[in-house]
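The shown structure was predicted, so the numbers you read here are calculated from the model rather than taken from an experiment. Each ligand, and each atom within it, is numbered from 1 in the order the structure gives. The figures that follow rest on heavy atoms only: side chains count, while hydrogens, waters and symmetry mates do not.
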Amino acid sequence: MTNNEKELTLRKLPGIDVLLETKTAQRIERILGISISTRIARSIIDGLRKEVLKDSGSELNQDSREDFIRKAEIEMNAILESHIKARLHRVINATGVVIHTNLGRAPLSHLAKEAILNAAGVCNLELDLSTGKRGKRGAAAEDMLCSISGAEGALIVNNCAAATVLVLATFAKGGEAIISRGEMVEIGGDFRIPDVMKASGAKLVEVGTTNRTKLGDYKNAISANTNIILKVHPSNYRIVGFTESPRIGELATICREQKILLFEDAGSGALEDLSAIGFGDEPLISRSIAEGADVVTFSGDKLLGSVQAGLIVGKGEVIREIRNNPLYRAFRASKLVYAALEATLDSFQRNAQFEEVPVMKMIRTGYEELDKRARKFVERAEVLIGARATLEIIKGKSAIGGGAAPDVQPESPIILIRGNQMTAKAIEKGLRGFELPVIARVSDDAVVIDLRTVEEEDESILISALDFSLGQSVTEAASN
Ligand SMILES: *Cc1c(COP(=O)(O)O)cnc(C)c1O
């Protein structure tokens, strides 16, 4: 294209005011506001101008002004779509991964959701309603944590990573911190225990080997500079076979004698003994406290099944010292977190967690019950779907996820969906594109649905999503 031709083509480009008058731009303006719709229109015109000025842009000189406007509208629609998709949406988790990090980890109980809604407006976060004086933020949730775990004190921060940093910064700074080589783990999201220990100002003293660390290894490493022994639960992997690691109680005895702090980072931690349903490896918080750990940290949104939070429990004096660390102010949790935690801990206190807390309910649901649901689901779905896909129930496995209990994989009946004219990938994409997105796995060219992580009341929506995703035309599916 000659410069002259380019010049002529550029003159056909619509102005921002013209684009802003299109139906699409008007819609964007209603949804995202005038300043964003203007910015989008400007960026599209700039893009078209660059396209024309490129040597390869010659095909554009055939375009009329109307063609340019049509192209711009298509692009504006795509941008609007991506703006909307980028926001947080409720989705249905049909993956069978109970604590799915990409899906916000633990789904909250109805009671916890209600509590968040109640606290969202004005609430008595730091006001004692009986005296009218200033109250302590989080007092009720901390009291519940104490009563459930048997600890003297409790403190709540934003997540377990913050809790670990706070404990180390309070007690390990400037001295030596002992840790087993088998526990120098990375939690995910680049949270590496040895790096965090160093960043907290502690000198790392590694003991033992990857698979075996004995009580004597810890004893021999203690010096006059030792402040703390750190025991980390390797949440997201397991060393099996020839392994050894001392119990909390044994370490507590040494720590008491030598006046060293014993700190356990329990990760997901269990508030009650879940060994009957396969979670024997998860540290029981009350047991660690009873055996003499000075301080224990764990997550609010893993096995506890509540919001993102870091829970710290331990000896009264230890918790007081942590609370007085100026860093605590930087890590403190919001009223919404306390509200949800109060409600979740309340379910545990009333021993109603298996009915009320979704994570607890999902991990305990048995094969038989899920199988009944799966059969009913397939029956209902088949009526609607007809010949567009075949559905089959097979024996499979769910996962706990969230870096918790990697060795526990509850057996589940899983539903395989094979499209008669669509690939599994296309069906999966359709489910994800439904007005209430459904997240499912794909395996061996079948879409896999695991009802363990689907609330029973959402099954009808899932069936509609399936109907929607299979309803796309074959050509559209092929282009995906
Ligand atoms: C998950 C985990 C953490 C991090 O907890 P978050 O709440 O995600 O910050 C820390 N330590 C251990 C052992 C964990 O398993």
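With sequence neighbours left out, the side-chain contact (heavy atoms from CB on, under 4.5 Å) criterion links Leu129 to Asn124, Leu127. Applying the salt bridge (charged side-chain N to carboxylate O under 4.0 Å, His left out) test to Glu183 and every residue at least two apart in sequence or in another chain returns Lys231.
Formation of a donor-acceptor pair under 3.5 Å by the Glu176 side chain with backbone atoms of Ser223 is not found in this model. For the pair Asn220 (side chain) and Asp217 (backbone), a donor-acceptor distance under 3.5 Å is absent.
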Distances under 3.5 Å, N/O of ligand 1 against N/O of the protein: list each pair and its distance.
from, atom 1, to, atom 2, distance (Å)
ligand 1, 5 (O), Ser299, OG, 3.1
ligand 1, 7 (O), Cys160, N, 2.9
ligand 1, 7 (O), Ser299, OG, 2.4
ligand 1, 8 (O), Arg105, NH1, 2.9
ligand 1, 8 (O), Arg105, NH2, 3.0
ligand 1, 9 (O), Cys160, N, 3.2
ligand 1, 9 (O), Ala161, N, 2.8
ligand 1, 11 (N), Asp265, OD1, 3.2
ligand 1, 11 (N), Asp265, OD2, 2.6
ligand 1, 15 (O), Ser235, OG, 2.2
ligand 1, 15 (O), Lys302, NZ, 2.8

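By the 4.0 Å N-to-carboxylate-O rule, Glu459 lies too far from Lys376 to be salt-bridged with it.
Residue pairs meeting the salt bridge (charged side-chain N to carboxylate O under 4.0 Å, His left out) criterion with at least one member in residues 93-108, sequence neighbours excluded, are Arg105-Asp301.
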